Amino acid sequence: QVQLVESGGGLVQAGGSLRLSCAASGRTFSRYVMGWFRQAPGEERVFVAAISWSGGSTIYADSVKGRFSISRDNAKNTVYLQMNSLSPEDTASYYCAARSGARVTRQQSDYDYWGQGTQVTVSS
């Protein structure tokens, strides 16, 4: 069992930056693929980024590529999402998720554990 707690959300102006964190419980964090997803009001939850066990492999949604960066610190059981050049279109609740398999994937159904989410609001 893995419990995930996101933090770092808030209100930021367009063009600004935020770093989200996701702290995981459990001693096997390093064996989980980690992902970030987001859900805007009235929309479905969508993939943002994911990272492999070691951090050596990452994938991104086209909408955030070049602006967002996912990383992890296995010693701290934490995964991060650095978000730069934010725009109002990035406003959403952001969720981290953990997958017990080895494949880095965009599919929500592949992830076994989910956090409660943290709100990011970007003003214009």
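Excluded from the calculations below are hydrogen atoms, water molecules and symmetry mates; all remaining heavy atoms, backbone and side chain alike, are included. All figures in this text were calculated on a predicted structure; none of them were measured in a lab.
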Test side chain to side chain contact (heavy atoms under 4.5 Å, CB included) on Ile59 and Arg106 and set out the steps. CA-CA 8 Å; Ile59 57 173; Arg106 304 168 182 263; 3.7 Å; yes

Would you mind reporting whether Asn74 and Trp53 have side-chain heavy atoms less than 4.5 Å apart? no

Same cluster or not: Tyr113 versus Met34, using hydrophobic residues (I, L, V, M, F, W, Y) connected whenever any side-chain heavy atoms lie under 4.5 Å apart? yes

Between Arg103 and Asp110, is there a side-chain heavy-atom distance shorter than 4.5 Å? yes

Could you check whether the rings of Tyr95 and Trp114 sit parallel, tilted or perpendicular, using 30° and 60° as the cut-offs? perpendicular

Is the shortest side-chain heavy-atom distance between Val33 and Ile51 below 4.5 Å? no

Pair Val48, Tyr60 - check side chain to side chain contact (heavy atoms under 4.5 Å, CB included), show working. CA-CA 6 Å; Val48 175; Tyr60 295 92; 5.9 Å; no

Taking side chain as C-beta onward, heavy atoms only, is Leu18 less than 4.5 Å from Val120? yes

CG (Asn77) and OG (Ser25) are apart, to the nearest 0.5 Å, by 8.0 Å

Kindly give the heavy-atom pair with the smallest separation between Gly9 and Leu20, and that separation in Å. N-CD2, 3.6 Å

Parallel, tilted or perpendicular for Phe68 and Tyr94, by the 30°/60° rule? tilted

Please name the pair of heavy atoms, one in Thr105 and one in Tyr111, separated by the smallest distance, quoted to 0.1 Å. O-OH, 2.6 Å

If you compare all heavy atoms of Pro88 against all heavy atoms of Ser124, which two are closest, and at what distance to 0.1 Å? CG-CB, 3.8 Å

Indicate if Leu4 and Tyr80 have the same hydrophobic cluster label, given that clusters are the connected sets of ILVMFWY residues with side-chain heavy-atom separations under 4.5 angstrom. no

Should Val2 and Tyr32 count as side-chain neighbours, where that means a heavy-atom distance under 4.5 Å? yes

Heavy atoms, side chains only, cut-off 4.5 Å: are Asp90 and Arg67 in contact? yes

Short question: side chain of Glu6, backbone of Thr118 - any donor-acceptor pair under 3.5 Å? no

Can a cation-pi geometry be assigned to Arg72 and Phe29, taking NZ or CZ under 6.0 Å from the six-membered ring centre and within 45° of the ring axis? yes

Hydrophobic clusters here meaning ILVMFWY residues chained together by side-chain heavy-atom distances under 4.5 Å, can you tell me if Met83 and Val64 are in one? yes

To the nearest 0.5 angstrom, please state how far the OG1 atom of Thr91 sits from the CG atom of Leu11. 8.5 Å

Gln119 versus Ser93, closest heavy-atom pair with distance: OE1-OG, 2.9 Å

Test side chain to side chain contact (heavy atoms under 4.5 Å, CB included) applied to Gln108 and Arg45, step by step: CA-CA 9 Å; Gln108 295 185 52; Arg45 189 164 57 187; 2.9 Å; yes

Output for pair (Arg99 CZ, Ser52 OG), nearest 0.5 Å, gives 12.0 Å

Using a 4.5 Å cut-off on heavy atoms from C-beta on, say whether the side chain of Arg19 contacts that of Leu81. no

Hey, mind stepping through Val12 and Thr121 against side chain to side chain contact (heavy atoms under 4.5 Å, CB included) and telling me if it holds? CA-CA 6 Å; Val12 63; Thr121 303; over 6 Å; no

At their closest point, which heavy atom of Ser57 faces which heavy atom of Val104, and how far apart are they? OG-CG2, 4.3 Å

For the residue pair Thr78 and Ser21, what are the closest heavy atoms and their distance? CG2-CB, 4.2 Å

What's the verdict on side-chain hydrogen bond (donor to acceptor under 3.5 Å, both in side chains) for Glu89 and Ser87, showing C-alpha distance, side-chain angles and the deciding distance? CA-CA 5 Å; Glu89 290 70 32; Ser87 72; 3.0 Å; yes

Heavy-atom distance under 4.5 Å between the side chains of Phe47 and Arg38, does that happen here? no

Does CD belonging to Gln39 count more than 12 external heavy atoms closer than 6.0 Å? yes

